[in-house]
S.K.: 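Right, I'll just put the structure down here and ask away after.
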Amino acid sequence: MKPHPRIRKTIKWGGAAVTLLLVVVWIRSESTADLFIIGERSFRISRGSVMCLYFKGSSHVFRHKATPADPQEVRLLGWHYDSGAEGSIWFGPLWLPLAVALFVTGAACLPDALNRLRRRAGVCPKCSYDRAGIAGGAKCPECGSGGGAAP
């Protein structure tokens, strides 16, 4: 079942915006460290990774041994999560959500790209029937779809 064109268009352009935002954040994180505090949660973005701390109560002192020995290991391999009596911490690489956003955006763009390639090649965009010798506005003799471009 094909998704509705409006939904695919929204996913395509929204995914492109999210992907671009993640690329900008990733590039910025290589040179600076940003800290955001929202209530009991704080987020730190630096060196290609993101860290989220959640504090139970009003204490912002988190004496937890959840930080890895080598930040480069977490940056390359994957997510880390740990929790204790004072709160919880998780951190991981920024490339992982970037890869997911890029994959979803690419999957939403693929049908349009294939349709453009088929039209340029002179075949029916729906069934790939060769439309050589058929008028531009004529229906496809194979599937009956509306007039595609003739070569």
S.K.: May I ask whether Ile27 and Leu20 are part of the same hydrophobic cluster, defined by side-chain heavy atoms of I, L, V, M, F, W, Y residues being less than 4.5 angstrom apart, directly or through others?
M.R.: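 Different clusters.
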
S.K.: Between CG of Leu94 and CD of Glu30, what distance do you get to the nearest 0.5 Å?
M.R.: 8.5 Å

S.K.: Does Asp112 come within less than 4.0 Å of Lys9, counting only side-chain N to carboxylate O?
M.R.: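 No, no charged N to carboxylate O under 4.0 Å.
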
S.K.: Say you draw a straight line from CG of Leu102 to OG1 of Thr19; how long is it, rounded to the nearest 0.5 Å?
M.R.: 5.5 Å

S.K.: How about Phe91 and Leu53: do any of their side-chain heavy atoms sit closer than 4.5 Å?
M.R.: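 No, every pair of side-chain atoms sits at 4.5 Å or beyond.
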
S.K.: For Pro93, is there any backbone N or O sitting under 3.5 Å from a side-chain donor or acceptor partner on Ser49?
M.R.: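 No, Ser49 side chain to Pro93 backbone: no donor-acceptor pair under 3.5 Å.
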
S.K.: How would you list, by chain and number, every residue that makes a salt bridge (charged side-chain N to carboxylate O under 4.0 Å, His left out) with Asp34, sequence neighbours excluded?
M.R.: Arg28

S.K.: Can you measure from SG (Cys143) to OH (Tyr129) and round to the nearest 0.5 angstrom?
M.R.: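 Going from the SG atom of Cys143 to the OH atom of Tyr129 covers 10.5 Å.
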
S.K.: Measure the SG-CH2 distance between Cys109 and Trp13 for me, rounded to the nearest 0.5 Å.
M.R.: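 Rounded to the nearest 0.5 Å, the SG-CH2 separation comes to 7.0 Å.
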
S.K.: Give me the other members of the hydrophobic cluster that Leu114 sits in, counting Ile, Leu, Val, Met, Phe, Trp and Tyr linked by side-chain heavy atoms under 4.5 Å, directly or via other members.
M.R.: Leu110

S.K.: Looking only at heavy atoms, which two atoms of Ala107 and Pro111 are closest? And how far apart?
M.R.: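 Scanning both residues, the minimum pair turns out to be O-CD, 3.4 Å.
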
S.K.: So do the side chains of Trp90 and Val50 get within less than 4.5 Å of each other, counting heavy atoms only?
M.R.: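 SC-SC contact between Trp90 and Val50 confirmed.
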
S.K.: Is it the case that atom CZ in Phe43 sees more than 12 heavy atoms from other parts of the structure closer than 6.0 Å?
M.R.: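 Counting neighbours around CZ of Phe43, more than 12 heavy atoms of other residues, nucleotides or ligands fall under 6.0 Å, so yes.
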
S.K.: Can you find a pair of side-chain heavy atoms, one from Ser29 and one from Arg47, that are under 4.5 Å apart?
M.R.: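 Sidechains of Arg47 and Ser29: no contact.
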
S.K.: Got a second to check how far Tyr54's OH is from Ser88's OG, nearest 0.5 Å?
M.R.: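 So the gap between those two atoms works out to 7.5 Å.
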
S.K.: Looking only at heavy atoms, what is the nearest atom pair of Gly144 and Lys139, with distance?
M.R.: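 Looking at all heavy atoms of both residues, the shortest contact is O-CD, 3.8 Å.
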
S.K.: I want to check something: taking the side chain as every heavy atom from C-beta on, are Cys140 and Cys127 in contact at a cut-off of under 4.5 Å?
M.R.: yes

S.K.: Applying side chain to side chain donor-acceptor pair (under 3.5 Å), which residue pairs with at least one partner in residues 102-111 are found, sequence neighbours left out?
M.R.: none

S.K.: Using the rule that two of Ile, Leu, Val, Met, Phe, Trp, Tyr join whenever any of their side-chain heavy atoms come within less than 4.5 Å, decide whether Val24 and Ile45 are in one cluster.
M.R.: no

S.K.: Nearest 0.5 Å, what's the CE-CG distance between Met51 and Leu35?
M.R.: 10.0 Å

S.K.: Restricting to non-hydrogen atoms, name the atom on Ile11 and the atom on Ala108 that form the minimum distance, rounded to 0.1 Å.
M.R.: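 Between these two residues, the closest heavy atoms are CG2-CB, 3.8 Å.
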
